[in-house]
Undergrad: 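If you scroll down you'll find the structure; I have some questions about it.
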Amino acid sequence: MAGGRTRAWEDDGFDDAVPFLARLEKEDRVALLATGRPLRYQARAVLMHQAEPSTHVVLVLHGWTKVTATAANGYEALLALRGPGDILGEGAALSGRYRAATVTALEPVEAVVIDQGRFTTFLAENPPVALQLLSLTTDRQRSTDRHRLQWAALSVRERLAVLLLELLRTHGTRTDEGIELTIGLSQQEFAGSVGSSREAVARLLKELRTREVLVTRRRRIVVLRPDVLRRIAGEGAG
């Protein structure tokens with residue numbers, strides 16, 4: 001415990017998306033963290049910019065971030081949410097290429113930042129840690145492939161319902177009004193995540209508001225009827 005909060009890697013209830021620090025033996029985790037320096041980011045601060053040279057990796061201790069990428073035509077896609085125990089920027093650090101995405105803090109974030117050279121040297125000297133990083137990369141790719149396959153079989157309406165349900169499970173808190181998403185995402189970010197336009201997502205959210213399934217405010221969503229979202233997503237079939 002740290003300040004009454006449980007660190008992600010001290011929790012035994014992980015699924016397939018086990019964060020990087022949780023995969024390491026305690027002594028390896030301590031040694032890796034000792035090679036970096038602690039750093040805090042305020043909400044909405046940018047930790048990494050797409051297309052910039054790689055100089056460091058970030059290990060998240062507390063708080064959540066969003067990973068987004070912008071195409072040449074300005075279309076922005078939400079690629080992932082990364083939180084406690086996750087590693088950021090490792091791909092560019094290992095390949096020496098420019099960063100493929102932008103990482104932004106959704107709330108205050110506590111992290112450890114490791115210079116690229118120190119990180120790659122540590123991996124070279126600690127093969128078990130390098131293997132766990134390879135395992136993480138493989139698991140993330142498999143998750144992406146499953147997600148693409150699932151998305152291909154769903155309509156945009158169904159994709160949005162699935163996304164909202166996923167966010168409720170991972171970032172939802174129950175209030176007197178309903179279940180509120182504790183992270184603020186824009187309509188454009190929702191659109192990028194479900195592979196649609198902002199206008200289409202705006203129409204779908206308006207439909208859900210009219211049906212009193214949810215209420216929306218600026219970067220805030222409260223779901224009143226998750227059962228309706230489950231029906232839309234097909235979870236209630238059969």
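Bear in mind the structure is a predicted one, so any value in this text is a computation, not a measurement.
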Undergrad: Are the side chain of R198 and the backbone of Q187 linked by a donor-acceptor contact shorter than 3.5 Å?
TA: no
Undergrad: What residue among H147, Q141, R146 forms side chain to side chain contact (heavy atoms under 4.5 Å, CB included) with S143?
TA: R146
Undergrad: Is there a side-chain contact between V112 and L32 in this structure, where contact means two heavy atoms from C-beta onward sitting under 4.5 Å apart?
TA: no
Undergrad: Can you name the residues that form a ring pair (Phe, Tyr, Trp, His ring centres under 6.0 Å) with H171, not counting sequence neighbours?
TA: W64
Undergrad: Is it true that L224 and I179 fall in one hydrophobic cluster, defined by side-chain heavy atoms closer than 4.5 Å?
TA: no
Undergrad: Answer yes or no: is there an ion pair linking E199 with R203, defined by an N-O contact shorter than 4.0 Å?
TA: no
Undergrad: Between R159 (side chain) and W151 (backbone), is there a donor-acceptor pair under 3.5 Å?
TA: yes
Undergrad: Is the backbone of L21 close enough, under 3.5 Å, to the side chain of R29 for a donor and an acceptor to pair up by distance?
TA: yes
Undergrad: Hey, is CG on D176 packed in by over 12 heavy atoms from elsewhere, all under 6.0 Å?
TA: no
Undergrad: Evaluate side-chain hydrogen bond (donor to acceptor under 3.5 Å, both in side chains) for R23 paired with S135, printing each intermediate quantity in order.
TA: CA-CA 9 Å; R23 298 168 183 253; S135 174; 3.1 Å; yes
Undergrad: Distance-only, no hydrogens or angles: does the D139 side chain make a donor-acceptor pair with backbone N or O of L136 under 3.5 Å?
TA: no
Undergrad: Is any side-chain N of the basic residue among R220 and E177 closer than 4.0 Å to the acidic one's carboxylate O?
TA: yes
Undergrad: Does any N or O in the side chain of Y75 come within less than 3.5 Å of the main-chain N or O of A69, such that one atom is a donor and the other an acceptor?
TA: no
Undergrad: Kindly check if the number of other-residue, nucleotide or ligand heavy atoms within 6.0 Å of CZ (R209) is above 12?
TA: yes
Undergrad: Using only atom types and a distance under 3.5 Å, with no angle test, would you say the side chain of T102 pairs donor to acceptor with the backbone of Q50?
TA: yes
Undergrad: Should we say atom CD of E212 is surrounded by more than 12 heavy atoms from elsewhere, each under 6.0 Å from it?
TA: no
Undergrad: Once rounded to the nearest 0.5 Å, what's the spacing between atom CG of L133 and atom OG1 of T138?
TA: 9.5 Å
Undergrad: Only counting residues at least two apart or in another chain, list the ones meeting ring pair (Phe, Tyr, Trp, His ring centres under 6.0 Å) with H49.
TA: none
